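One structure is given below, encoded as structure tokens.
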Amino acid sequence: MVDDHASVRIPVTADDVQHAVRLALATLRGRLGADWHAKAGTLEWTCWETVEHLADDLFSYATRIGPEAPPLDREVPFLWAPRREGGPSNVTYADPEGGPRGLLQVLESCGALLVAMVRTTPADRRAYHVFGVSDPEGFAAMGVVETLVHTHDIAAGLGVPWTPPAGLCDRVLARLFPDAPAGTDRWATLLWATGRGELPGRGRLESWRWHGAVEASRK
């Protein structure tokens, strides 16, 4: 694990995405009988909607780096739309008839898409994100962050503990949150960086963003 962001940074890989999704699935599959329509932590979405949103994030990141020449000024023009007012705008939704087990299969499938794309896409490919034109590693890191923090939201709603590995948190902090404090608990720092917690001497963030642009373009 690299705690000092001034050290050589360990890249985020497809294996990290796969690991994050598998950990999330293992945690959430233990609560199939819970109320999936409960609010997900502090979000205005239900646990079910938040899983759909997470799956859609992973799907979106995979498709952004899919074209041989991805657009650099906009997203690939899928149609995102909410199912209800105030709900997440997605391309992908789970069939309610499949129940929570089917919902988690949708998450697993979308995670697998991102894993495959990160593994097979040339490292020099660039694609649009509102927080900076990024590369496959950047989209892998985004997928890991989305998985870790939204599983935190969902786990809170389902009443199940969730603490991902420090090394996984550290790698995505170094890639996407280069200004985050070092030497602090890595999971607590990722929660702080995404507006979900506090650190000693640092209150909860009212707004936040990551830095997806390829590192060379930020120098």
Side-chain angles (χ1 to χ4, degrees), residues 1-27 54 57-66 70 107-108 110-153 155 161-200 202 205 208-219:
M1 186 179 74
V2 177
D3 284 334
D4 183 355
H5 292 177
S7 303
V8 175
R9 186 177 66 79
I10 299 175
V12 183
T13 67
D15 287 344
D16 288 324
V17 179
Q18 185 176 65
H19 188 41
V21 173
R22 285 177 173 174
L23 289 173
L25 290 168
T27 295
L54 169 57
D57 281 337
L58 302 177
F59 168 87
S60 171
Y61 298 154
T63 60
R64 292 182 199 215
I65 56 175
L107 173 57
E108 183 176 18
C110 290
L113 286 176
L114 182 57
V115 169
M117 289 305 302
V118 172
R119 281 200 175 124
T120 58
T121 301
D124 61 355
R125 185 162 299 173
R126 302 291 183 263
Y128 175 81
H129 190 278
V130 66
F131 290 158
V133 171
S134 200
D135 59 353
E137 189 214 355
F139 285 107
M142 295 177 210
V144 172
V145 170
E146 297 280 7
T147 301
L148 300 187
V149 302
H150 281 314
T151 301
H152 166 79
D153 300 328
W162 167 250
T163 303
L168 194 56
C169 298
D170 189 71
R171 289 192 288 282
V172 295
L173 282 166
R175 174 60 179 84
L176 296 178
F177 301 94
D179 298 325
T184 52
D185 179 90
R186 298 291 79 194
W187 175 224
T189 303
L190 184 57
L191 290 175
W192 172 82
T194 55
R196 288 170 170 81
E198 300 179 355
L199 289 174
R202 298 173 183 262
L205 297 176
W208 61 273
R209 57 160 290 171
W210 59 54
H211 299 276
V214 180
E215 289 160 305
S217 69
R218 295 206 306 265
K219 292 180 180 179

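No experiment lies behind these values; they were computed from the predicted model shown.
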Using the side chain to side chain donor-acceptor pair (under 3.5 Å) criterion, which residues pair with [X]? Sequence neighbours excluded.
X	result
Asp57	His53
Glu108	Arg29
Ser60	Arg64

What residues, two or more places apart in sequence or in another chain, satisfy side chain to side chain contact (heavy atoms under 4.5 Å, CB included) together with Thr63?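 Testing Thr63 for side chain to side chain contact (heavy atoms under 4.5 Å, CB included), a comparison that skips the adjacent residues, returns Phe59, Phe78.
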My understanding is that only residues two or more places apart in sequence, or in another chain, count here; which of them pass side chain to side chain contact (heavy atoms under 4.5 Å, CB included) with Ala20?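 Residues passing side chain to side chain contact (heavy atoms under 4.5 Å, CB included) with Ala20: Val144, Thr147, Leu148, Leu168.
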Between CG of Leu176 and CZ of Arg209, what distance do you get to the nearest 0.5 Å?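 So the gap between those two atoms works out to 10.5 Å.
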Nearest 0.5 Å, what's the NE2-CG distance between His150 and Leu107?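 Rounded to the nearest 0.5 Å, the NE2-CG separation comes out at 11.5 Å.
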For His19, enumerate each residue passing the ring-ring contact (aromatic ring centres under 6.0 Å, His included) test, keeping only those at least two apart in sequence or located in another chain.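 Here no residue qualifies.
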Are the side chains of [Y] and [X] in contact, using a 4.5 Å heavy-atom criterion?
X	Y	result
Met142	Phe131	no
Arg196	Asp153	yes
Phe177	Leu190	yes

Salt bridge (charged side-chain N to carboxylate O under 4.0 Å, His left out) contacts in which one or both residues fall within residues 123-145, not counting sequence neighbours: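 Sorted pair list: Arg9-Glu137, Asp135-Arg175, Glu137-Arg175.
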Can you name the nearest heavy-atom pair linking [X] to [Y], along with the distance?
X	Y	answer
Phe139	Ile65	CD1-CG2, 3.5 Å
Leu205	Ala193	CD1-O, 3.9 Å
Pro11	Arg171	O-CD, 3.8 Å
Leu23	Pro165	CD1-CD, 3.5 Å
Trp192	Pro181	CZ3-CD, 3.5 Å
Ser134	Gly212	OG-O, 2.6 Å

Evaluate the ring planes of His152 and Trp187, with Trp represented by its six-membered ring, and classify them as parallel (under 30°), tilted (30 to 60°) or perpendicular (over 60°).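 Perpendicular: the ring planes of His152 and Trp187 meet at over 60°.
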For residues 110-123, please give each side-chain donor-acceptor pair under 3.5 Å, one per line with the distance, not counting sequence neighbours.
residue	atom	partner	partner atom	Å
Arg119	NH2	Asp15	OD1	2.5
Thr120	OG1	Ala116	O	2.8
Thr121	OG1	Met117	O	2.5

